[in-house]
Amino acid sequence: MPVGPRPPDVSVAGFEGPLDLLLELIEEKKLDVFSVRLGDLADGYLARVRAMATLPADEVSAFLYIASRLVLLKARSLLPSLSPATDDDEADTEEELRLRLIEYATTKGRAEALGDRMRAGERVFHREGGTVDLPPKGGDPDALAAAWLKVLAITRRSEEEVEVPGERYSVEQRTAEIEALIAEQPAMTFGTLLGERPTLGYAIVTFIALLDLYRRLVIDITQDELFGEIRIERKVRRMEGISE
Amino acid sequence: MTRSATAAGVEAVLFVAEKPVSRAELAKTIGAGNKAVAEALAELEEWYRGTGLRLQHEGDDWQIVTAPEMAPFVSAYLGADRLRLSSAALETLAVVAYRQPATRAEVESIRGVNCDQTIYTLMSRRLIEELGRREAPGSPFEYGTTWEFLECFGLTSLDALPSVLTPEGVRSDDAVRSQ
Amino acid sequence: MTRSATAAGVEAVLFVAEKPVSRAELAKTIGAGNKAVAEALAELEEWYRGTGLRLQHEGDDWQIVTAPEMAPFVSAYLGADRLRLSSAALETLAVVAYRQPATRAEVESIRGVNCDQTIYTLMSRRLIEELGRREAPGSPFEYGTTWEFLECFGLTSLDALPSVLTPEGVRSDDAVRSQ
């Protein structure tokens, strides 16, 4: 039984993670996880990520990873020439992501079943003994030392865990910033947007914001060569007055 | 109505044991064969139906515990707290319980998020434990569930884990076993 | 063939209890009347005939013990030259041994879990004992290991405890004492 304070387990905006968010989208739209074209979910997914007020930096990357794959799948379905370069690149296939979703759905079902049992509170108890009158003998000092080491290891981790949660960024806020910037200045690079020495979280939030702006046809993104500088340009609106 | 002498002996030994006892040790202590002990355990299991006790085992280690329906009374007597876990911790526990042994990387790949915190929470509540290191690059720790886990969830053994249908309609435990 | 619900509840509570329990306390714990508890106890007494257990009482205090006919098996198990403690009890013993004198609150804060039951077990095995009260708010008891503890672990003195190094190479007992 726990005593003392414990750091809470973080869940973002009611989701246990990016796969959970994706499953939720599929359920909401009453789609079938086996047949849905995952690329079609890219827009809805980015919209949800954008709406999250703030994300802890280390969780953002998990959401970004799935976002980037959805966008890639969508791009491929629009431009068939973008098919994967090699078949070895299995991580990029739609089937792999689908299998992960299915496995996650199973895990979620199991977690719910365990949760039901936990809430029912029907635990069992063993006997610790205590009615024995014989003097104890045959203790193993090494087993005792090992138990002490185990306790120490767990205690040490609890001390390490008490760190203040890191920086938090809002994708929405960052999107608004970039949108304002691009309104004044028609082109810029990803590098300038990041500035000097960006943190990982900041880079990721900036990248999600760009994906979102791209989705909303506010900007164009180009990259001339692999690992080259990513250029961001204000999208020329062909027909004025069209809103999303 | 009467139990076999072996079953009575097994019951007495399990009653005084403060930790699970293997079938081989029971056989040696009682002076009976492995088969007789297996039968005695089955007899006890049957006998405890509808009583305040039940038989629990993990692999070949056996222990008498209280029946799960008696939890309110026993908790009241011992002043035990109720277990509370977040849904994130339950997800991590589900992966470890159904897939054990599982490494942190496996749990994270299934859940799609970092699981440091939830693994720590489950370890500090003694629901999961490090089983050893896997012979693989980086020698990651392998995790499995504990006796405490079986007790907290009122499971007689890992075979009693709730079986959940996968989206394909396959019983999830079968899906796992066939892996 | 089935037992009454009250009898099952009484059985479960007596099973985990480490000392005799009075009928009044049973009634309170189970939420049943004194008469129902008396009947349940009679039922259990009858039920245990021919099993490995029996119900014993001294005046109004009741407990489950092993049947006297099972004594050879029980002493074969307990008399074997090996200390048997649950892993929870062993952890608590380790904390007390390496940190003594330690209060219950200190043990619990180090282990991160409630230690009532294990401290009781270790006391009744005479592996630890109350050393006295600490001059601190609430005057908590301080616990230390006993002479039997040294004997049981084959240690000439507490200095002979295996020294455990933390990952930084500090002796763990020093590391903790300096906290």
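No experiment lies behind these values; they were computed from the predicted model shown. Just so we're on the same page: letters track the sequence lines, and every chain starts at 1. Reckoned from all heavy atoms, side chains included, excluding hydrogens, waters and symmetry mates.
A donor-acceptor distance shorter than 3.5 angstrom exists from the side chain of B/Thr66 to the backbone of A/Phe125, with no hydrogens or angles considered. A side-chain donor-acceptor contact under 3.5 Å links A/Arg100 to the backbone of B/Ser109.
The minimum heavy-atom distance between B/Glu91 and A/Tyr104, with the atom names listed, is OE2-OH, 2.6 Å. Here the closest non-hydrogen pair linking B/Arg82 and A/Met118 is NH2-O, 4.0 Å. Closest approach of A/Pro18 to B/Val113, counting heavy atoms only: CD-CG1, 3.5 Å. Annotation for B/Cys152 and A/Arg123: closest pair O-CB, 3.3 Å, computed over non-hydrogen atoms.
With a 6.0 Å radius and a threshold of 12 heavy atoms from other residues, nucleotides or ligands, A/Arg37 has its CZ atom at or below the threshold. Annotation: A/Phe190, atom CZ; neighbour count of heavy atoms from other residues, nucleotides and ligands within 6.0 Å is above 12.
Neither the backbone nor the side chain of B/Leu53 comes within contact range of chain A, judged by heavy atoms closer than 4.5 Å. Of the two parts of B/Ile110, the backbone and the side chain both hold a non-hydrogen atom closer than 4.5 Å to a non-hydrogen atom of chain A. Using a 4.5 Å cut-off between heavy atoms, B/Gln56 touches chain A through its side chain atoms alone. With a threshold of 4.5 angstrom between heavy atoms, B/Tyr77 does not approach chain A through any atom at all. Using a 4.5 Å cut-off between heavy atoms, B/Ser75 contacts chain A through both its backbone and its side chain. For a residue to count as touching a neighbouring chain, one of its non-hydrogen atoms must lie under 4.5 Å from one of that chain's; by this rule B/Arg84 touches chain A with the backbone only. When heavy atoms are compared at a cutoff of 4.5 Å, B/Gln63 approaches chain A solely by way of its side chain, counted from C-beta outward.
The residues A/Glu103 and B/Arg111 are annotated as not salt-bridged, no charged nitrogen and carboxylate oxygen being separated by less than 4.0 angstrom.
When A/Arg119, A/Glu112, A/Glu122 are compared by the number of non-hydrogen pairs under 4.5 Å with chain B, A/Glu122 comes out ahead.
Considering only heavy atoms from C-beta on, A/His126 stays 4.5 Å or farther from B/Ile64 through its side chain.
For the pair A/Arg117 and B/Phe153, the cation-pi criterion (under 6.0 Å, within 45° of the ring axis) is not fulfilled.
Atom OG1 of A/Thr107 sits about 12.5 Å away from atom CG of B/Leu90, to the nearest 0.5 Å.
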